[in-house]
Amino acid sequence: MSVLIALGVISSAGAADVYEEAWERVQNGALLVDVRTPAEYSEGHLTGAINIPFQDIVEGLAQKRVSLNENIVLYCRSGNRSGKAQKALESVGYQSALNAGGYEQLLEKQPQP
């Protein structure tokens, strides 16, 4: 059963668990989505991430024919926009989207090969 995780800005107490879960999902084939602006994305993004600005997330995933049960990991600068994107996806039936928080924090927590 897929679980939709709704988080706003991630607290430091739960951050490590969220980052660990995010990277585990990515390693298991989750769709990694950077919901920042194209300019922010072009300045640096996580390897394998696609860019769909948060306000366009529902339409963007529909255009890419992403199924409602696809495992999705969302991130932005701080977790705020990815939280908004996650809520928008939940409102249209996406079942397994994770707000993974901020780009810099995710990058720092990326597992090393």
Side-chain angles (χ1 to χ4, degrees):
M1 176 180 179
S2 295
V3 176
L4 183 65
I5 297 177
L7 300 171
V9 176
I10 298 171
S11 70
S12 59
D17 292 339
V18 170
Y19 301 136
E20 185 177 311
E21 180 176 351
W23 285 114
E24 184 177 319
R25 286 184 180 209
V26 168
Q27 290 172 340
N28 288 318
L31 178 63
L32 183 60
V33 184
D34 184 325
V35 299
R36 299 175 301 158
T37 66
E40 289 172 299
Y41 179 83
S42 70
E43 291 173 3
H45 57 273
L46 298 174
T47 302
I50 63 170
N51 180 227
I52 303 174
F54 80 98
Q55 67 273 19
D56 300 326
I57 192 68
V58 172
E59 181 181 319
L61 292 182
Q63 287 176 350
K64 295 185 177 301
R65 301 180 195 274
V66 176
S67 73
L68 295 178
N69 61 0
E70 179 87 21
N71 206 354
I72 302 167
V73 173
L74 306 160
Y75 73 91
C76 61
R77 184 181 56 78
S78 68
N80 185 35
R81 288 176 284 178
S82 50
K84 290 177 182 179
Q86 183 274 323
K87 287 178 184 176
L89 292 175
E90 178 181 27
S91 74
V92 297
Y94 281 88
Q95 300 171 18
S96 189
L98 174 69
N99 173 5
Y103 165 67
E104 294 289 336
Q105 293 79 16
L106 271 171
L107 191 59
E108 289 174 10
K109 301 293 183 183
Q110 185 173 7
Q112 299 304 313

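- Leu106 and Ala22 make their closest contact through CD2-CB, 4.0 Å (heavy atoms, listed as atom of the first residue, atom of the second, distance).
- A heavy-atom distance below 4.5 Å is not found between the side chains of Pro111 and Glu24.
- Without hydrogens or angle criteria, Gln63 side chain to Gly60 main chain gives no donor-acceptor distance under 3.5 Å.
- The same ILVMFWY cluster, assembled from side-chain heavy atoms under 4.5 Å apart, contains both Val66 and Leu89.
- How far CD1 of Ile72 is from OG of Ser67: 7.5 Å, rounded to the nearest 0.5 Å.
- A donor and an acceptor atom, one from each side chain of Asn80 and Ser78, are nowhere located under 3.5 Å apart.
- In this structure, Leu46 and Trp23 have side chains that are in contact, with non-hydrogen atoms separated by less than 4.5 Å.
- The two residues Ala85 and Phe54 make their nearest non-hydrogen contact at CB-CB, 4.1 Å.
- At least one side-chain heavy atom of Tyr94 sits under 4.5 Å from a side-chain heavy atom of Leu61.
- Two residues are said to be in side-chain contact when any heavy atoms from C-beta on lie closer than 4.5 Å; Val33 and Ile57 meet this criterion.
- Ser96 is not listed as a side-chain neighbour of Asn69, based on a closest heavy-atom distance of 4.5 Å or more.
- How far OH of Tyr75 is from CG of Leu98: 13.5 Å, rounded to the nearest 0.5 Å.
- Remark: His45 NE2 to Glu40 CD distance equals 13.0 Å, nearest 0.5 Å.
- In this structure the side chain of Thr37 never reaches within 4.5 angstrom of the side chain of Pro53, judged on heavy atoms.
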Evaluate Ile52 against Ile50 for side chain to side chain contact (heavy atoms under 4.5 Å, CB included), listing each step before the verdict. CA-CA 7 Å; Ile52 303 174; Ile50 63 170; 3.9 Å; yes
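- Side-chain contact between Tyr103 and Arg77: absent, with no pair of heavy atoms (C-beta onward) separated by less than 4.5 Å.
- Judged by distance alone, with hydrogens and angles left aside, the side-chain atoms of Gln112 form a donor-acceptor pair with the main-chain N or O of Gln110 at under 3.5 Å.
- Within the model, atoms CG of Leu74 and CZ of Arg81 stand 12.5 Å from one another, a figure rounded to the nearest 0.5 Å.
- The two residues Ala100 and Val18 come nearest to each other via the heavy atoms CA-CG1, 3.8 Å.
- The heavy-atom pair separating Val35 from Cys76 by the smallest distance is CG2-CB, 3.7 Å.
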Evaluate Leu31 against Asn71 for side chain to side chain contact (heavy atoms under 4.5 Å, CB included), listing each step before the verdict. CA-CA 6 Å; Leu31 178 63; Asn71 206 354; over 6 Å; no
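- The OG1 atom of Thr47 sits 8.5 Å away from the CG atom of Leu107 when rounded to the nearest 0.5 Å.
- With hydrogens and angles disregarded, a donor-acceptor distance shorter than 3.5 Å links the side chain of Asn99 to the backbone of Gly79.
- How far CD of Glu43 is from CZ of Arg36: 8.0 Å, rounded to the nearest 0.5 Å.
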